[in-house]
Amino acid sequence: MDITFTAEEVEFQNEVRVFFENDYPQDILEKNRNRQTISAEDMVRSQKALHARGWIAPNWPAEFGGTGWSPSKRFIFETEMARAGAPRVVPFGLSMVGPIIYTFGNEAQKKRFLPGILESNDWWCQGFSEPGAGSDLASLSTKAERDGDHYIVSGQKTWTTLAQYADWIFCLVRTSSEEKKQQGISFILIDMKSPGITVNPIVTIDGGREVNDVNFHEVRVPVENLIGEEGVGWTYAKMLLTHERTGIAGVARSKDQLETIKAIASKTDNGFGEMMSEDDDFLRRLSLVEIELMALEFTELRTLAAVQTGKAPGPESSILKIKGTEIQQSITELFVDLAGNYANAYLPEYYVPGSNVDGVGPDWAADATSKYFNYRKTSIYGGSNEIQKNIIAKAVLGL
Ligand SMILES: Cc1cc2nc3c(=O)[nH]c(=O)nc-3n(C[C@H](O)[C@H](O)[C@H](O)COP(=O)(O)OP(=O)(O)OC[C@H]3O[C@@H](n4cnc5c(N)ncnc54)[C@H](O)[C@@H]3O)c2cc1C
């Protein structure tokens with residue numbers, strides 16, 4: 001495995017740095033650095049700026065409007081984007097359904113849906129999980145019954161992230177009941193404005209609004225919105241989930257967060273006349289996270305090196321997901337440690353992003369506790385970490 005960057009890659013790194021310094025909305029960087037809420041409108045503006053530069057789809061092949069970059073360039077781009085403080089791209093269109101459409105969709109579907117994803121004119125959400133189907137996703141029961149040239153869809157999806165903004169939802173639905181439950185599942189695209197769809201918020205433990213229940217009551221969906229073959233949706237979903245898990249690892253962002261933690265620690269008193277950066281107990285915990293992160297970065301680079309030689313990412317995506325999310329959670333714990341007393345009381349109703357609730361304590365501490373609570377989600381979504389361990393046990397260890 002060769003993980004040194006070539007001269008061309010170093011030049012590319014500079015090009016990306018210059019773009020974020022000059023041609024990207026600086027107010028969004030400012031907000032994100034100050035740990036303020038990034039609105040849906042900000043996310044769209046951010047993505048449109050990347051699109052204007054031709055960099056919105058690093059994971060897509062050039063023929064469909066992607067950058068066609070090598071995995072190393074994608075790694076550099078991710079790192080520089082996190083370093084600049086830019087928010088993540090919303091993954092549902094660009095990282096999830098986009099690749100499914102250009103891989104398994106027909107020409108008409110590619111023409112109809114890919115431009116809206118690239119230009120961030122269409123906001124997508126993911127309708128996989130249901131109240132009775134999470135880890136055991138193949139037990140899903142949302143039905144799509146054929147009626148002429150439409151499907152009639154009824155059922156409930158849950159935990160649907162950012163559905164409140166969505167124009168479209170990609171769904172796994174049951175089109176037939178077979179002996180093997182993975183069969184009879186189909187992958188369809190549904191316009192969120194269709195009559196019969198209602199979206200209800202689920203308020204998360206930090207008081208936030210990012211997940212929803214989406215109910216379908218006899219929703220008419222044109223048959224032309226079926227991706228690939230009827231009953232083969234499980235195959236497409238598995239590919240999508242591999243992409244989702246690899247994307248969740250967030251190595252570049254965690255590295256950037258650790259740098260922020262170190263900078264704050266050098267200016268924060270531990271209450272015993274030392275800076276937190278001199279506090280042995282804090283340093284021990286910080287070092288453990290840093291070592292884990294360094295190891296994960298090498299795993300990611302090894303995966304990228306394998307992808308570069310033509311291998312598809314397989315169960316590595318599960319390793320990246322488990323370790324990446326454990327590290328993200330540890331980072332939120334380090335922020336709480338640093339915030340000390342200021343992290344004690346957390347009242348979502350009084351929380352003002354980017355400024356401490358009572359005007360007491362540093363601004364960076366304002367969201368320490370809400371992030372700590374919010375990040376409990378990372379070991380659950382994208383397939384829980386326990387399920388990833390099962391995948392590793394089967395696919396890697398052959399148990
Ligand atoms: C914040 C958030 C956002 C999400 N966004 C989306 C979204 O946009 N779209 C979407 O479709 N879904 C989304 N999800 C759903 C997510 O994928 C599921 O929550 C996840 O797959 C777990 O399913 P479940 O919640 O039904 O838990 P369950 O499957 O009921 O699991 C409960 C517990 O049992 C454990 N468990 C279950 N089976 C096994 C087993 N065989 N071996 C060992 N342990 C097991 C699990 O690890 C977990 O700890 C989101 C979830 C969260 C929390």
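Atoms within each ligand, like the ligands themselves, are counted from 1 in listed order. Because the structure is a prediction, the values reported are computed rather than measured.
Under the 4.0 Å distance rule, the nearest protein heavy atom to atom 20 (C) of ligand 1 falls inside the cut-off. Atom 32 (C) of ligand 1 is never approached by the protein to below 4.0 angstrom, counting heavy atoms only. In this structure, atom 35 (C) of ligand 1 is not in close contact with the protein, since no protein heavy atom lies within 4.0 Å of it.
Around the CD atom of E229, the shell of radius 6.0 Å holds no more than 12 heavy atoms that belong to other residues, nucleotides or ligands. Atom CD of E8 sits in a sparse spot, with 12 or fewer heavy atoms from other residues, nucleotides or ligands closer than 6.0 Å.
From the protein, the heavy atom lying nearest to atom 11 (O) of ligand 1 is S129 N, 2.8 Å.
Between Y381 and ligand 1, no N or O atom pair is found at a separation short of 3.5 Å. On a distance-only criterion, D136 and ligand 1 share no N/O pair closer than 3.5 Å. Residue V211 places no N or O, backbone or side chain, under 3.5 Å from any N or O of ligand 1.
The contact set between ligand 1 and E386, taken as ligand atoms under 4.0 Å from a residue heavy atom, comprises 43 (C), 44 (N), 46 (C), 47 (O), 49 (O).
With 3.5 Å as the limit, one finds a donor-acceptor pair spanning the side chains of T332 and R376.
Proximity of F170 to W124: side-chain heavy atoms (C-beta onward) are separated by under 4.5 Å at one or more points.
In this comparison of R376, K377, Q126, M96, the heavy atom closest to atom 9 (N) of ligand 1 sits on Q126.
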